[in-house]
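The block underneath contains the structure these notes are about, expressed in structure tokens.
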Amino acid sequence: MVLIRRLSILLALPALVLTSSMLRAAAGTTSPRERLSINDGWHFTHDDPPGLTRNLSYDVRPALEETRRDDGPADAKPQEAARLAAAAKDVLKPWILPTGNAFIRDPKRRHVRPAGDPGSDVAYVQAGFDDSTWKSVDLPHDWAIAGPFIPDGNIGGMGRLPSWGIGWYRRKLDIPAADAGRRIVLEIDGAMSYATVWLNGRLVGGWPYGYTSWQIDLTPHVAFGSVNQLAIRLDNPPASARWYPGGGLYRNVWLTKTQPVHVAQWGTFVTTPQVSPDAATVQLEVTLANTSPTAAAARVTTEIFALGDGGQRTGSAVARLAPAEATIPADDRVVVRGSVVLRDPKLWGPPPAQQPHRYVAITHVALAGQVVDTYETRFGIRGLRFDPEHGVLVNGERIPLRGVNQHHDLGALGAAFNTRAAERQLEILRDMGCNAIRISHNPPAPELLELTDRMGFLVIDESFDVWERKKTPLDHHLFYPDWHEQDMRALVRRDRNHPSVIMWSIGNEVGEQYTDTAGAAVAQVLHDIVREEDPTRPTTTAMNWAKPDMPLPAVVDVIGLNYQGEGIRQDPEFEGTDRIRTPPQYPAFRARFPEKMIFSSETASAASSRGVYLFPVDPKMSAPIRDGRGGDSTIRQVSAYELHAVDFGSSADKVFAALDRHPYVAGEFVWNGFDYLGEPTPYYESRSSYTGIIDLAGFPKDRFYLYQARWRPDLPMAHILPHWTWPERVGQVTPVHVFTSGDEAELFLNGRSLGRKAKGEFEYRLRWDDVVYQPGRLEVVAYRAGREWARATMRTAGEAAALEAIPDRATIRADGRDLAFVTVRVTDQDGVTAPRAAHRITFSVDGPGEIVATDNGDSTDMDSFTSPTRRAFSGLCLVIVRARVGQPGAVTVTARADGLRPATTTISASQD
């Protein structure tokens, strides 16, 4: 049994001042530590300068085979890395590697920067270069999301968008003379990928992994009192991912200013060895760095305040840490430790039974009696236990993992992170009953974890999709040997103070599952790194092949299984396949590891197209997708009866039964929450996946209600499928299924009872498979324990007559970043959704706003996301709108379609 109790404090202490002149300089500024967003004012272009002869590549890469395929099975066996004939001598790798030195534990393994500044003669890094013809962009920016889609070629896995290639970003930095003596740091939350940074023509450094957050010290190259020229080159390879990676500076970028003595990057760590409703012991470690040539003495104090529901500080301090003092040698680091007992703590926990209470720690740093820095940090207090019998316990309460996997793109917005878009996704998932997120399969945007902290989701934070063995020719395996330690430590050090993070996943379906003790040795290195950075949380890795008697599962603290719990490819038609074929594995893993908690890190991978129902309907509870059996390759759609899955997957019903038969399993993370760009199994000619419970536009599929019925058992609900508008099926058998949190239900067609049915053991839907279609009204009355529980109706729609526009919020901020998501519904004259409507809708905006993107959730739709027109898909369409910066007022959105009454809605843009 693993016992873990945590308090989360994300604490960055300010710089400490060394000399009286530095003290005077600090006193003349508002705060000795400043963190400034530099997301605006960038210029961008594709490709290197014409005629460039200098090699600006990070390293040599294998040549791509022209015949390589992009549509292989998602669970195909990873391959050994290609062996290169010789390393290139003129690449930038030796200059980039030192950027990660702070995350290499052994000083002898750290890298020394060579002399010189490769690329300093390239026009794009020069201050005098005229970039006025480049595109003006604000960050976060995804250079590929506007398209156009590439309909032909073997590129469906990466989403059919032009994410690969070279891109350059340039921005001016006006750094005043008063900053002389301060440390100037560039912080990049995510750059896709192989980033290289120049300042004033000098090569500063970079980072290859596109998902890691990292920083670089600009100070030696800054011209204080002048305008400085920043240039960033990205080199995003083709064939480098199994899904859409995006391209560009797709997360936030910051400029941070400190004094030479400062808290190291992500240099705080808080643990709570004792947590109860009465008291919590808070232990704080702070790593202080001194980049000056003189030793310094510092005094650190911290007060803790409660936060209100809106994140505002309330009342007076509820606890104070005793002052800590330390002398920091020149060009060195020290760790300062302290603790305090917080009485009657408000604990952080997942709703609905618990609430995600948080605190803020306000830390003051003083030198020679003068406060030189104040820093605020939000955190939460909660106890965690991982039990092999009962699963995850938060503050003593068993919390079944009702989780989903989430890729990093935000649908029509692409990879460019947007807080409101991510918040909307979490709100929709929470309405379904989801309480946990597995970050798949890479470090997330920092703001996503701020949201999960605030909203009370549990998170599995994952590092890699590959280690040394490749899944695509140019993926992360190419630099894994040089960067795995830096990337792993950076993830844990950045995120270890978030209360929502409960586990570290060191990999997903890695090829080292197949390499016996050699693969286990790779896992052991990562496990040890995690435990050095955070001994309080367990490690896991998602295993779709490794078996209990293999060495790799023994390395990690918690057993995470992808699809193995319910069994993989067990239908007779898969006999003789060379793909993974595994009988159910929960009992075998439990027998081999009775002391370890087991959970399903990926389940289901069921597929469907919202609102598309194909006949005949399979009588089984779970079946693979084939033409005539849940799939139609001519239209590239999968039946929404929610009975079909990819070959290695299972329907939700089958997964539920496997979990219920093995109650010691802690829960599941469904593949996946939202449809995502790329990996469109089984139809790789499409743009986006089919396996989401919710489509790419954020519209729930029928499967949403099957999960809601299970995950919110106390919510009275019933849901009927399919829709009931089938003029061509009059007199034909058209099965009706009902998802309900009740235990039985009676179905009526035009007032006539079609019978009352009860759920049997390991049954999760009610089926009336012999219903003969007649237009009119379907109604279901659900019961629980013999009493009426919920009702639902489905009516036949008439001819499409009108549009209806429904915004997700009535008010947004006029900051250029907040978003309104407006659903447009095609209806008949009585307001009934026309479920098969495919009208082309044109959107317009009046007032201080603009259209950001449109979508409809159709995986086959190749219209640009930036297009103001979009076909409805199964009667629905989406337009995403924002207000212009600093322009409050009424933003009116209008939707028009030929032959239909237009719809208008107004959103208020506020300065607040």
Side-chain angles (χ1 to χ4, degrees), residues 2 4 6 8 347-356 380 382-387 390-395 397-408 422-423 425-444 448-463 495 498-505 508 537-542 557-563 565 597-605 652 655-656 659 663-674 676 691-694 703-704 706-708 710-713:
V2 181
I4 296 179
R6 295 241 342 113
S8 177
L347 302 184
W348 184 99
Q354 303 183 46
Q355 294 301 314
R382 45 84 172 133
L384 273 181
R385 188 155 60 92
F386 297 85
D387 189 291
H390 305 291
V392 178
L393 287 86
V394 181
N395 303 320
E397 179 191 1
R398 180 180 182 270
I399 304 294
L401 294 174
R402 296 165 174 160
V404 299
N405 289 269
Q406 285 285 92
H407 267 312
H408 78 303
E423 180 182 48
Q425 287 192 340
L426 293 175
E427 288 172 348
I428 294 169
L429 290 168
R430 183 172 58 187
D431 185 52
M432 182 175 67
C434 174
N435 65 8
I437 307 293
R438 176 175 171 242
I439 309 295
S440 309
H441 307 288
N442 41 258
L448 180 61
L449 295 183
E450 169 64 22
L451 287 170
T452 56
D453 286 349
R454 176 169 60 82
M455 299 175 72
F457 284 86
L458 305 179
V459 172
I460 295 180
D461 211 347
E462 190 157 81
S463 53
D495 295 347
H498 283 281
S500 57
V501 174
I502 64 169
M503 272 188 271
W504 304 109
S505 175
N508 173 67
R537 290 183 181 87
T539 61
T540 190
T541 188
D557 300 315
V558 171
I559 300 297
L561 301 179
N562 283 13
Y563 311 104
M597 190 188 87
I598 300 171
F599 76 104
S600 268
S601 38
E602 287 183 26
T603 62
S605 209
V655 173
F656 295 163
L659 291 170
Y664 52 84
V665 177
E668 66 171 318
F669 288 82
V670 181
W671 193 267
N672 53 305
F674 278 69
Y676 56 95
T691 51
I693 301 170
I694 301 149
R703 209 174 338 139
F704 177 98
L706 184 56
Y707 283 99
Q708 188 182 66
R710 178 173 175 85
W711 288 354
R712 298 185 66 183

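Computed from a prediction, not measured in an experiment: that's the story for all the values here. As a basis for the values below, the full set of heavy atoms in this structure was taken, side chains included, without hydrogen atoms, waters or symmetry mates. Position 1 is the first residue of the sequence, and the numbers go up from there.
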Step-by-step side-chain contact (heavy atoms from CB on, under 4.5 Å) determination, Val394 to Leu347: CA-CA 10 Å; Val394 181; Leu347 302 184; over 6 Å; no
Worked check of side-chain contact (heavy atoms from CB on, under 4.5 Å) between Phe457 and Arg430: CA-CA 9 Å; Phe457 284 86; Arg430 183 172 58 187; 3.8 Å; yes
Test side-chain contact (heavy atoms from CB on, under 4.5 Å) on Val670 and Met432; report intermediate values, then the result. CA-CA 13 Å; Val670 181; Met432 182 175 67; over 6 Å; no
Checking Ile693 against Leu429 for the side-chain contact (heavy atoms from CB on, under 4.5 Å) test, could you report, in this order, the C-alpha distance in whole Å, the side-chain angles of both residues, the deciding distance, and whether it holds? CA-CA 9 Å; Ile693 301 170; Leu429 290 168; 6.0 Å; no
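Annotation: side chain of Asp495 is in contact with side chain of Pro444 (closest heavy-atom distance under 4.5 Å).
Listed by chain and residue number, Arg420, Arg454 satisfy the salt bridge (Lys or Arg N to Asp or Glu O under 4.0 Å) test with Glu423 (two or more places apart in sequence, or in another chain). Legend: residues meeting ring-ring contact (aromatic ring centres under 6.0 Å, His included) with Phe656, ordered by chain and number and at least two apart, are Tyr707, Tyr764. Legend: residues meeting salt bridge (Lys or Arg N to Asp or Glu O under 4.0 Å) with Glu397, ordered by chain and number and at least two apart, are absent. Every residue two or more places apart in sequence or in another chain that forms a salt bridge (Lys or Arg N to Asp or Glu O under 4.0 Å) with Arg712 is listed here: Asp431. The side-chain contact (heavy atoms from CB on, under 4.5 Å) search around Gln355 returns Pro351, His357, not counting sequence neighbours. For Glu462, the salt bridge (Lys or Arg N to Asp or Glu O under 4.0 Å) test picks out Arg438, with sequence neighbours left out.
When all heavy atoms of Ala422 and Leu451 are compared, the pair lying nearest together is CB-CD1, 3.7 Å. When all heavy atoms are compared, the tightest approach of Asn405 to Ser440 is OD1-OG, 2.9 Å. Here the shortest heavy-atom pairing between Val392 and Ala666 reads N-CB, 4.3 Å. For Thr539 against Asp557, the heavy-atom pair with the smallest separation is N-OD2, 2.9 Å. Pairing each heavy atom of Val558 with each of Pro538, the nearest pair is CG2-CB, 3.8 Å. Counting all heavy atoms, side chain and backbone alike, Thr540 lies closest to Phe599 at OG1-CE2, 3.6 Å.
One finds the OG atom of Ser600 at 14.0 Å from the CH2 atom of Trp671 (value rounded to the nearest 0.5 Å). The line from CG of Asn435 to CD of Gln354 is 11.0 Å long, rounded to the nearest 0.5 Å. Between the CD1 atom of Ile437 and the CG atom of Asp461 there is a distance of 12.0 Å, given to the nearest 0.5 Å. Atom CG of Leu401 is separated from atom OG1 of Thr603 by 11.0 Å, given to the nearest 0.5 angstrom. To the nearest 0.5 angstrom, Leu561 atom CG is 13.0 Å from Phe669 atom CZ. How far OG of Ser463 is from CG of Asn442: 9.5 Å, rounded to the nearest 0.5 Å.
For the pair Trp348 (side chain) and Asp453 (backbone), a donor-acceptor distance under 3.5 Å is present.
Using the six-membered ring where Trp is involved, His407 and His441 have ring planes that are perpendicular, over 60° apart on the 30 and 60° scheme.
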